[in-house]
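I have placed the structure first, in the form of structure tokens, so that the comments after it can refer back to it.
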Protein chains: 2
Amino acid sequence: MLKYSKQRESIKNFLVTRYDHPTAETVYLNIRREFPNISLGTVYRNLNLLAEIGEIQKLSPGIGPDRFDGNPTPHYHFICRHCGCVMDLTVSGLDHINILAGQDFDGEIEGHITYFYGACPSCKASEKCSS
Amino acid sequence: MLKYSKQRESIKNFLVTRYDHPTAETVYLNIRREFPNISLGTVYRNLNLLAEIGEIQKLSPGIGPDRFDGNPTPHYHFICRHCGCVMDLTVSGLDHINILAGQDFDGEIEGHITYFYGACPSCKASEKCSS
DNA sequence: ATACATGCAAATTTTTTGCAAGCGC
DNA sequence: GCGCTTGCAAAAAATTTGCATGTAT
């Protein structure tokens, strides 16, 4: 059975306050302010555990390390190929994506993660300046 | 400028014959049959290069290492949470996904990768047996 | 001849794990 | 007290990089 841990609670609480999808390292650095002795291993263990029980989302954007999202609700993400930032993306009209996918698939689809790639607003802007 | 290399050609050719989205390690092991002295570093360099120029796709399913897809055409993937296998998934009606995403986003969307997660047919079958 | 590509090995980066001690229930 | 959790350190896994040499153009 799952037992309460203040470290895990703190990690969860930290994540829901952040909208930039921090890496495990960033979580570690921040939680350390409250728990100076917490270890990176514990952070990883709890992040993976929270993702498994569905309280957070683990993102693997392919650029840099994995990231974690305190919002477990299905939604979309944008990954900037230039600076590697990860942002939420509101895409209307895609809620039917699961239903569509299940139609001709013999397995069992539990969920999906969509990453959009490109240049984020600020990288797009600085490109213009340099050209 | 890009120069021809028989190693790179072989890697590309190998990838287009495989539909299981092999890892860099698997590519390495197979290319070694033709080029016994090829190094894993060269395989990684060429896989990344081919992905950058758009001849292949790099996939980061979040379970296990990155995988590579010899088919650069946009399409969907299914990742089995049980065995980690990666399969192509035909989902009709999702071609409008880029247009939708671009509508309220100030950056520049170049493409997207969607991963569906769940139990693959064979893992789904063996679950039934053990219960 | 020049510049890109390779092989090799070492280094980095990212993540996981073993274990003794601590803590929630 | 039992069993999950932690901190610490070491290890493992995955990927990148430096450099001398090789090769395409």
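Below, chain A is the first sequence line, B the second, and so on; all start at residue 1.
Cluster annotation: B:Val86 is not connected to A:Ile109 through the hydrophobic network of ILVMFWY side chains, with a link wherever side-chain heavy atoms come within less than 4.5 Å. In the hydrophobic clustering of this structure, B:Leu15 groups with B:Ile31; members are Ile, Leu, Val, Met, Phe, Trp, Tyr whose side-chain heavy atoms approach within less than 4.5 Å, directly or through other members. Follow the hydrophobic side-chain contacts under 4.5 Å out from A:Val27 and you never reach A:Met87; the two are in separate clusters.
Taking atom CZ of A:Phe68 as the reference point, atom P of C:dT14 lies 12 Å away to the nearest angstrom. Following rounding to the nearest Å, A:Arg67 (CZ) and C:dT14 (P) show an atom-to-atom distance of 10 Å.
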* Asked: Where do B:Arg45 and B:Asn48 land on the side chain to side chain donor-acceptor pair (under 3.5 Å) test, with the steps shown first?
  -> CA-CA 5 Å; B:Arg45 269 187 294 236; B:Asn48 285 332; over 6 Å; no
* side chain to side chain contact (heavy atoms under 4.5 Å, CB included) between B:Asp88 and B:Tyr76, worked out -> CA-CA 6 Å; B:Asp88 284 330; B:Tyr76 301 89; over 6 Å; no
* **Derivation of the side chain to side chain donor-acceptor pair (under 3.5 Å) call for B:Ser60 and A:Ser60** => CA-CA 6 Å; B:Ser60 299; A:Ser60 298; over 6 Å; no
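Residues from residues 34-54 of chain A that place a heavy atom under 4.0 Å from any atom of DNA chain D, listed by number: A:Asn37, A:Ile38, A:Ser39, A:Thr42, A:Arg45, A:Asn46.
The residue B:Gln7 sits close only to the backbone: its heavy atoms come under 4.0 Å of sugar-phosphate atoms, none of a base.
In summary, of the residues considered (B:Gln7, B:Lys12, B:Arg8), a side chain to side chain donor-acceptor pair (under 3.5 Å) with B:Asn46 occurs for B:Arg8 alone.
For DNA chain D, the contact window with chain A, defined by any atom under 4.0 Å from a protein heavy atom, covers D:dG3 to D:dC8 in 5' to 3' order.
Mapping B:Ala24 and B:Tyr4 onto DNA chain D by nearest heavy atom places B:Ala24 closer to the 5' end of the strand. Between B:Glu25 and B:Leu2, the residue anchored closer to the 5' end of DNA chain D is B:Glu25, taking for each the nucleotide with the nearest heavy atom. Annotation: of the two residues near DNA chain C, B:Met1 and A:Lys3, the 5′-most nearest-nucleotide partner is B:Met1.
Using the six-membered ring where Trp is involved, A:His77 and A:Tyr115 have ring planes that are tilted, between 30° and 60° apart.
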